[in-house]
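Beneath this line is the structure, given in C-alpha cells, with notes to follow.
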Number of protein chains: 2
Amino acid sequence: MPVKLDDIDRRILRALQRDGRLQNVELAKEVGLSPSPCLRRVKLLEEAGIIDRYVAVLNSAKVGLSLSMFARVWLTAQDAETIDHFMDAMQQLPQVMECYIMLGESDALLRVVVANLDDYRRFQAAHLTRKNGIQNVKTDVPSQIVKQTYTLPL
Amino acid sequence: MPVKLDDIDRRILRALQRDGRLQNVELAKEVGLSPSPCLRRVKLLEEAGIIDRYVAVLNSAKVGLSLSMFARVWLTAQDAETIDHFMDAMQQLPQVMECYIMLGESDALLRVVVANLDDYRRFQAAHLTRKNGIQNVKTDVPSQIVKQTYTLPL
DNA sequence: GCATCTTCGCAACCAAATTGCGAAACCCCT
DNA sequence: AGGGGTTTCGCAATTTGGTTGCGAAGATGC
C-alpha cells in the first residue's frame, strides 16, 4: 500500500537511490534542509520500510559473472508442494538473481548470473531439473544489456 | 575481465552487498581488520570499479509501483538505426528497470514497473509502439515475486 | 486569531572517517 | 635460509560527520 510522501521525501529517495552512501550533510544541501531534520526524515523513511535497505552494487564483469541468462521454466506439476519446493530451491541458489512465478505461458522466469555459457550449462544440468520440480526449460540469451537500474521512478 | 580478489576482499564485498551502509568500524570487525586498512581496501575496490556504486533499495509496493511486468518485444527492423533508437528510448523511460537485447526468439526483453494493470496498459500504448521501433509485444505477467536480489555470488 | 501539533535548525557532544607514519608480514632472489 | 624490498596493517592524532535535546518557527484546525 502506497505511503504518503511529500516533495522533500521524494527528493531524499531519488538522491539515495542514486547514491546510497551520500553523506547526510550533502543530502541535506541537496534537498534543502539542514542536516538534523534531513537525517530524521531518512530514519523515518527507513523505519517505515520505504527504504528497504542499502546495497553495494558490484560490476559483474569484474567479479567474473558477466553473463545474465534468462530461463523460462515449466514445472512438473502445479500443486502447492511442487511450487513451494521449486521456490525454496531458487531462493537457495546464489546464481539466481531474480525468480518470478508467471501467469500464462511459462510457470516461472529466472535470471541467472554465470561466468560463461559453460558455467550456465553446468548450472542448468545441476539445478534446473526434476530434482527441483522442473520439467522443461527454455533459455533466452541476452546479447547486450541495455539497461539495468534499481532506481524506481518517483 | 575478472579482477584478483583475496579472501578479505570477498568478505568486504559480501558484507557491503548485504548492507551498503555498514559503518566501517563494524565492517572492519566483521572482516578481521582494523578500521584503517579495511577502509583503504574499500576505497581500492571502489576505485577499481569492482564496487560500481551504492544504492538505496526502495520497497516498490510502498511507493506505489508494486507491479513488475515483462515485455518481450520484436522490432520493426534489425538495422542499427532502429535498434539504437529503441535502446535510447528504453534508456529514457523511467519505468523500464531492465532492458536486454536478446538472441533468438524475441528481439528484446523489458522489465517495467507500474502501479497496476491500467498503468501498464497506458505505458504500453504510449511507448511500446512503432514510434520506438517496436512492431510486436508479448507481455508476461508475474503472479508472484519469489526472488529479487542484487547480491552477486562470490 | 489562537492553540496545538509538527517540523526545523542550532549547538553541544559523541562517534566515525581520514591520514601520516612506523612496524609487521610477505614475497622474491641469491 | 637469510636478507632486502614491497605491500599491508594498525596506531594515534586530527578532522569531519552523526546524534540528540530543546527552543523556535511553521502549519493546521477550530
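Each chain gets a letter, A, B and so on, in the order the sequences are listed, and its residues count up from 1.
Here dA16(C) presents its C1' atom at 11 Å from NZ of K29(B), a figure rounded to the nearest Å. Between the CG atom of L22(B) and the P atom of dA15(C) there is a distance of 18 Å, given to the nearest Å. For the pair I8(A) CD1 and dT6(C) C1', the computed distance is 13 Å after rounding to whole Å.
Partners of D79(A) by side-chain hydrogen bond (donor to acceptor under 3.5 Å, both in side chains), not counting sequence neighbours, listed by chain and number: T82(A).
A salt bridge links D6(B) with R41(B): the closest approach of a Lys/Arg side-chain nitrogen to an acidic carboxylate oxygen falls below 4.0 angstrom. A salt bridge is absent between D7(A) and R10(A); no separation between the charged side-chain nitrogens and carboxylate oxygens falls under 4.0 Å.
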- Task: Please step through ring pair (Phe, Tyr, Trp, His ring centres under 6.0 Å) for the pair Y54(A) and Y54(B), ending with a clear verdict.
- Result: CA-CA 7 Å; Y54(A) 299 88; Y54(B) 300 87; 9.8 Å; no
- Query: Where do T139(A) and Y120(A) land on the side-chain hydrogen bond (donor to acceptor under 3.5 Å, both in side chains) test, with the steps shown first?
  - Reply: CA-CA 10 Å; T139(A) 298; Y120(A) 179 73; 2.9 Å; yes
- Check against side-chain contact (heavy atoms from CB on, under 4.5 Å), L58(A) and L13(B): CA-CA 8 Å; L58(A) 308 190; L13(B) 293 173; 3.7 Å; yes
- Any chance you could lay out the side-chain hydrogen bond (donor to acceptor under 3.5 Å, both in side chains) test for Q78(B) and D107(B), step after step, and finish with the verdict? CA-CA 9 Å; Q78(B) 300 306 309; D107(B) 290 323; 3.2 Å; yes
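Residues from residues 38-59 of chain A placing a heavy atom under 4.0 Å of any atom in DNA chain C, listed by number, are R40(A), R41(A).
With a cutoff of under 4.0 Å to any heavy atom of chain B, the contacted region of DNA chain D is bounded 5' to 3' by dT8(D) to dA12(D).
The residue from R11(B), R18(B), R14(B) that alone fulfils the salt bridge (Lys or Arg N to Asp or Glu O under 4.0 Å) condition with E30(B) is R18(B).
For the pair S36(A) and Q23(A), both in contact range of DNA chain D, the more 5′-proximal nearest nucleotide belongs to Q23(A).
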